[in-house]
Structures are given as C-alpha cells and as structure tokens.
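The structure appears below as structure tokens.
Only this structure's heavy atoms are used, side chains among them; waters, hydrogens and symmetry mates stay out.
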Amino acid sequence: MSRIDRFLVSEKVVNDWGVEGQRVGERDISDHCPIWLEVDMNNWSPKPFKFNNEWFSCDTFYAFVEKEWRSFRVSGRGDFVLKQKLFLLKGSLKRWNKEVFGRLDLEIQDEVRAINVGDALLEVEEEDFNLDILFNRKEATSRFWTKLRIKVNMLVQKANLKWMKEGDSNSGLFHKVMKEKRRYNHIGPFSTPEGLVESVKDIKDFVAHHFSKKFEEEDRMVPTLDGICFDKISEEDRIWLERPFQEEEINEALKGCGVAKSPGPDGFSFMFIRRCWPFLKEDFLKYFDHFFVGGELSKAVEG
C-alpha cells in the first residue's frame with residue numbers, strides 16, 4: 001500500500017514541453033510500470049471568456065464599455081436582446097484587453113529601464129542637480145508600481161487565491177498555482193472497455209455519451225399526486241407573488257450579491273453588473289418585464 005517509486009521532473013521541462021500530467025502504463029516483463037508524461041498540444045476549443053475585475057483600474061474602461069453597449073443594435077425579446085448584447089460585448093472586451101493590457105509586461109520593463117536611466121543621469125549630474133531628471137524618474141516609478149499592481153491583481157484573480165493578502169506581489173506563486181490548476185483540470189487519454197481514448201473528438205464524444213446515459217430514465221412510470229390535499233396560500237399572497245418585478249426589488253437583490261463571487265456561465269461577474277448598472281439597467285429591466293409577461297402568456301396558454 002505504500003508508494004515506493006518516485007520520479008523527478010524539472011520545472012523547465014514542464015514549462016518548455018507543456019506537461020499537463022502523467023499516466024501509468026501497463027507493466028510488461030519488468031516489475032515496474034512505465035510512467036508517461038502527457039503533453040497536450042490539442043486544440044480543445046476557444047478559451048472561455050472571464051471578466052477581470054482589474055479592468056476597472058483603466059481610466060477609459062467605463063467610457064469604452066458604455067459606448068460599445070449603446071452601439072449594439074439588437075431587436076427581439078428582452079431575454080434575447082440581453083443575451084446577444086452580452087455576447088457582442090465579450091468580443092469587444094477581448095479586443096480591448098489585447099490592446100490595453102496585452103503589452104503590460106513590456107511596459108513594466110520600459111518603466112524599469114526609465115528608472116535605471118534616471119539613476120544613471122542623477123549620478124553623472126550630481127554636482128549640477130537637474131529637477132527634470134528627478135521628476136521623470138519619480139513619474140516612471142509611479143507608473144511602474146501602478147502597472148505592477150495591475151498585473152499582480154490580475155494574476156490573483158486567475159489563480160483564485162482568496163487566502164492571499166491583496167497587494168502581495170508573489171507572482172511566481174500565482175503562476176505555479178495557475179499551472180497546477182490547469183494540470184489538475186486537464187483531461188488526458190484514458191482507458192475504456194473499447195480501448196484507449198486519446199483524440200479530442202473521441203474524448204468529447206465519450207464524455208457526452210457517459211453523462212447522457214446517466215440522465216436517461218429507465219423507468220417511464222412517473223408517480224402522481226392525485227387525491228392529496230396540500231395547504232394553499234391566500235389569494236392576497238398569490239397576487240403579491242405574481243406581481244411584476246419592481247425596480248427597487250431588483251436593485252436590492254443586486255446589492256446583496258457579492259462582487260467577488262465566481263462569474264456565471266457568460267463570464268461576467270457581479271462587480272461588472274453593479275458598477276455598470278446605470279447603462280445596463282434599461283436592458284435588464286426589459287428582460288425582467290419579458291420574464292413576467294412570458295410567464296403570464298404561458299399560464300394563459302395552459303389554461
């Protein structure tokens with residue numbers, strides 16, 4: 001029951017080869033099992049969108065999002081309009097993130113270079129002190145710490161380390177945690193009764209088939225509740241529960257949601273919805289109105 005076999009892999013090999021995990025092979029004439037390092041170069045699908053709260057640190061973010069949101073021309077039901085606008089906003093934010101934060105590491109290096117140049121000039125002109133050089137170095141230092149804070153906060157959210165104190169710039173730890181999560185979530189080749197499943201398509205088909213079988217109903221007999229008397233609410237309570245959603249109710253529910261929670265399936269966090277609520281509100285209220293009207297219509301059809 002003890003684990004007596006070990007193997008060592010350097011971090012450079014893991015990074016250069018893109019090692020995602022390991023797999024124990026079948027034993028042949030040796031009394032040891034071979035261990036295969038899994039390197040995943042397959043294209044599983046586009047990476048899912050996730051809103052990064054650090055985008056709010058950019059001065060142009062609000063103006064950009066509001067301009068993009070109001071520029072979308074989508075017609076239809078309230079739920080369709082909201083879904084489609086969020087979908088279109090994802091593409092705009094991906095392009096904006098690439099333009100604004102895509103060169104963040106290079107910009108940090110530029111600021112470090114500017115600080116070092118300032119130090120060198122101050123040493124040369126020690127006797128004839130130049131305030132312009134000192135001012136430029138101070139500005140470069142301020143920009144350096146601002147951009148470094150942005151980078152660290154983005155890594156903290158990606159690594160999902162809630163127990164780390166905000167501002168701790170241990171970026172090496174964040175990168176290791178992110179890689180470990182990626183390796184942990186990796187789906188590699190696995191054995192089935194039909195053989196080894198390796199390709200992306202075969203793995204997706206096998207997983208879909210596995211869970212579709214799990215959710216199939218074997219017994220078609222569905223029990224009924226005829227003849228059972230349940231307690232009923234009053235007519236007044238029924239009318240109150242079925243009334244249209246009020247804007248005050250929606251605002252209170254929105255305030256009660258934590259901004260640091262994991263984003264939903266669409267990738268947007270509650271921080272985004274709360275901070276951008278002034279221009280998102282109109283479409284969200286139309287969605288809630290459609291939800292209520294749709295419920296009334298479906299009830300009328302059933303009646």
Side-chain angles (χ1 to χ4, degrees), residues 1-52 79-80 82-95 97-98 101-102 154-162 173-222 261-269:
M1 299 297 292
S2 63
R3 295 181 177 181
I4 59 175
D5 294 329
R6 294 288 189 273
F7 70 96
L8 303 177
V9 181
S10 69
E11 187 174 358
K12 188 177 189 312
V13 171
V14 173
N15 295 334
D16 293 347
W17 290 6
V19 176
E20 296 291 347
Q22 63 275 342
R23 174 169 55 90
V24 179
E26 296 182 357
R27 187 176 62 185
D28 47 22
I29 60 174
S30 172
D31 60 345
H32 292 274
C33 296
I35 297 177
W36 301 90
L37 293 180
E38 296 181 349
V39 178
D40 189 4
M41 297 298 183
N42 296 316
N43 181 15
W44 288 85
S45 61
K47 292 183 179 180
F49 170 84
K50 288 186 179 180
F51 185 86
N52 199 302
D79 55 348
F80 173 78
L82 180 61
K83 177 192 75 70
Q84 198 65 15
K85 280 194 170 184
L86 289 174
F87 174 77
L88 294 173
L89 186 60
K90 289 180 188 179
S92 300
L93 285 175
K94 286 180 181 179
R95 293 189 297 271
N97 177 62
K98 189 175 182 180
F101 291 99
M154 294 179 74
L155 290 174
V156 168
Q157 184 173 343
K158 289 181 180 179
N160 195 23
L161 291 178
K162 297 181 180 179
L173 172 63
F174 301 149
H175 280 292
K176 289 182 180 179
V177 172
M178 291 161 57
K179 292 176 184 176
E180 181 62 29
K181 287 179 180 291
R182 185 166 60 247
R183 287 194 290 268
Y184 180 79
N185 294 326
H186 169 68
I187 302 176
F190 52 89
S191 299
T192 67
E194 291 77 21
L196 189 67
V197 178
E198 294 186 85
S199 69
V200 174
K201 182 180 182 304
D202 290 341
I203 291 177
K204 288 184 176 181
D205 292 343
F206 181 84
V207 172
H209 176 73
H210 171 78
F211 283 101
S212 64
K213 295 291 290 183
K214 289 289 185 182
F215 287 98
E216 281 184 358
E217 251 188 302
E218 297 180 0
D219 189 0
R220 296 294 179 181
M221 298 294 294
V222 179
K261 299 297 182 181
S262 299
D266 56 9
F268 288 98
S269 64

Query raised in the report: Looking at CZ of Arg95 and NZ of Lys98, how far apart are the two atoms once the value is rounded to the nearest 0.5 Å?
Result: 11.0 Å

Report summary line: One should read off an interatomic distance between His210 NE2 and Lys214 NZ, to the nearest 0.5 angstrom, of 5.0 Å

Query raised in the report: Which pair of heavy atoms, one from Leu86 and one from Phe268, lies closest together, and at what distance?
Result: O-CE1, 3.6 Å

**Report entry** Side-chain touch Lys83/Asp79, heavy atoms, less than 4.5 angstrom
**Finding:** no

